[in-house]
Protein chains: 2
Amino acid sequence: MKVRGNNNHKSMGGQVPEPTLRRLPGYLSYFKSLKINGIEHVSSSQIASTFNMDATLVTKDLSHTGIKGRTKIGYNVDKLIETIIVFLDFNTHENAFLFGVGNLGKALINYDGLKHYGLKIVAGFDVDPRVINTSVKDVKVYGVDDFRDLSRKIPARIGIITTPDGKAQETADYMVAWGIKAIWNFTPQSIKVPDNIVVENTSIYSDLAVILNKLNK
Amino acid sequence: MKVRGNNNHKSMGGQVPEPTLRRLPGYLSYFKSLKINGIEHVSSSQIASTFNMDATLVTKDLSHTGIKGRTKIGYNVDKLIETIIVFLDFNTHENAFLFGVGNLGKALINYDGLKHYGLKIVAGFDVDPRVINTSVKDVKVYGVDDFRDLSRKIPARIGIITTPDGKAQETADYMVAWGIKAIWNFTPQSIKVPDNIVVENTSIYSDLAVILNKLNK
DNA sequence: CAATAGTTGTTATTTTATTAACAATTCTTC
DNA sequence: GAAGAATTGTTAATAAAATAACAACTATTG
Ligand SMILES: NC(=O)c1ccc[n+]([C@@H]2O[C@H](COP(=O)([O-])OP(=O)(O)OC[C@H]3O[C@@H](n4cnc5c(N)ncnc54)[C@H](O)[C@@H]3O)[C@@H](O)[C@H]2O)c1
Ligand SMILES: NC(=O)c1ccc[n+]([C@@H]2O[C@H](COP(=O)([O-])OP(=O)(O)OC[C@H]3O[C@@H](n4cnc5c(N)ncnc54)[C@H](O)[C@@H]3O)[C@@H](O)[C@H]2O)c1
């Protein structure tokens, strides 16, 4: 019986490398600040120096988006912003449901930034009667039982999990059962879902581990 | 004049690969849940299946921590937990100051989890008079001007930035000036600091970019 | 208007990370 | 107590990412 080498966890869908995908939003934020400061062009070496990385890598990353720079001039900032936004689908308003309207859940709902990056949280769900039927900003909070009905009325492909750690799996199962296609899991708990469901785990502990490691040599 | 290939941003300090470091906290969380369920041993293939990855990689990751498994039995869960916690310095209580006690800053202070993972937020700083002199949980919020004095009284090497995007650089400069050794930046804005300062950027937009990319094929 | 230097964009090389192969170990069963 | 199966741990091969090398282009300067 084979035990190893049998798992294909590489998505292999698009051809753009994930590291590139992860760097692009950082560039975008930088380009936006350049625009605010009235700067019209930027070169790969300037970008590289800002992010403390190699200029060739910047060039390669940007080439994936299809943008063209001009020799001796660099890239046009407006064009960069527009191109990256479209490339990353940050222009499409993707609806999302959020489960667990606690500390982090509220922060995310209150967070204005997300809507500029393609995501709109359309409803919150919780089990705590003190939270149910309240509103955070203009987002209403429902009991989890209302999810079934609501997921029919409001189409949303993304589900955000900010419940307590132990509730991550059951929440994921519930989301999948009612049609969610991608799960954004802020819990440190690993979740199991069918292969066709997209899962992204955002774990601040990984970042913390890196910080502590570097700090302690 | 050389333009490319001149940046060394690889820390090169420890010999444990960063991807490994980033996976270990996830394993740890899983092992803790196993312990709660009374499970005493776990094999690399079980772990691998939980995280949808290759079992060899798990073995390699764990070998970095120095833990030994037993053939035909697997790894001892208690030992795994203890070893990883020590390995990642999650047992040392590292003090941290947090700048920007808004939505996210409050969520982080309120978050119980961090203290089990080596981090203790000892004070918050803000510019908003409505927030200054309040407390979040048992953590007091001071005006940013009090930072100088407080950083002498309470030793802390880590600074957390949860200010608005535009204030990230000035906050970082201020932190560095008063002795902070590592900066955890939750802002999408890139910051520049001296080479000897550790910087970790936590950007949820990178995760979002990956989700949207996978979702749209 | 020729020379220069900054710059893009592509291809080649090197480094790093992941996966595969396999030898060694040891529990379990007959 | 021998045989078989599950498992670790190491070494080898492959794949992926980052870096280097370089050719082509074009604003600027003398
Ligand atoms: N607070 C942070 O800054 C932070 C940072 C990173 C990760 N996290 C993670 O995010 C998660 C939430 O953390 P938090 O601090 O917001 O916790 P919290 O306790 O403040 O919020 C959890 C919320 O989930 C609700 N809930 C419980 N069971 C539920 C269920 N089955 N369905 C829907 N809602 C349910 C609770 O009523 C509560 O409102 C945790 O897993 C934590 O590890 C938090
Ligand atoms: N809210 C979220 O869920 C979330 C998620 C990811 C990233 N972020 C990022 O975190 C940052 C903060 O977001 P937020 O939603 O908490 O914003 P917020 O406006 O709620 O909080 C910002 C706080 O910083 C304070 N502040 C302003 N200038 C300051 C200064 N110079 N020094 C110290 N404090 C200062 C403000 O008074 C305010 O209290 C932003 O950069 C945002 O992009 C937020």
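Order of the sequence lines sets the chain letters (A, B, ...), proteins ahead of strands, with each chain counted from 1. Worth knowing before you read on, the calculation uses all heavy atoms, side chains too, and leaves out hydrogens, waters and symmetry mates.
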| Do NZ/NE/NH1/NH2 and the carboxylate oxygens of B:Arg70 and B:Glu40 come within less than 4.0 Å? | no

| field | Gap between atoms CD and P, on B:Gln46 and D:dT8 respectively (whole Å) | value | 9 Å

| Face-on cation placement of A:Lys79 at A:Phe87 ring, 6.0 Å and 45° thresholds | no

| request: Quickly work out the A:Phe51 CZ to D:dA18 P distance and round it to whole Å. | output: 15 Å

| task | Just call it for B:Ser43: base, sugar-phosphate, or nothing, with non-hydrogen atoms closer than 4.0 Å on any strand. | result | sugar-phosphate

| query | Regarding B:Asp61 and B:Tyr27, is there a side-chain donor-to-acceptor distance under 3.5 Å anywhere? | reply | yes

| query | Are any of B:Ser44's side-chain N or O atoms less than 4.0 Å away from OP1 or OP2 of D:dT8? | reply | yes

| field | Pairwise 5' ranking along DNA chain C for B:Lys72 and A:Thr71, keeping only the more 5' one | value | A:Thr71

| request: Return no unless some side-chain N or O of A:Arg23 is found under 4.0 Å from OP1 or OP2 of D:dA18. | output: yes

| field | Distance below 4.0 Å between A:Thr56 side-chain N/O and D:dT19 OP1 or OP2 | value | no

| request: Using whole Å, report how far CE of A:Met53 lies from C1' of D:dA17. | output: 11 Å

| Would one find a side-chain N or O of A:Arg70 under 4.0 angstrom from OP1 or OP2 of C:dT8? | no

| Rounded distance in Å - CG (A:Asp54) to P (C:dT14) | 16 Å

| Once the angle between the rings of B:Tyr111 and A:Tyr205 is folded into 0 to 90°, is it parallel (under 30°), tilted (30 to 60°) or perpendicular (over 60°)? | parallel

| request: Provide, to the nearest angstrom, the distance between the CG atom belonging to B:Leu80 and the C1' atom belonging to D:dT8. | output: 13 Å

| Whole-Å distance separating the NZ atom of B:Lys60 from the P atom of D:dT8 | 15 Å

| Separation of atom CG in B:Leu57 from atom P in D:dT7, rounded to whole Å | 18 Å

| request: Indicate the atoms forming the closest heavy-atom contact of B:Val139 with B:Ala123, along with that distance. | output: CG1-CA, 3.7 Å

| task | Report the distance from atom NE2 of B:His41 to atom P of C:dT28, rounded to the nearest whole Å. | result | 11 Å

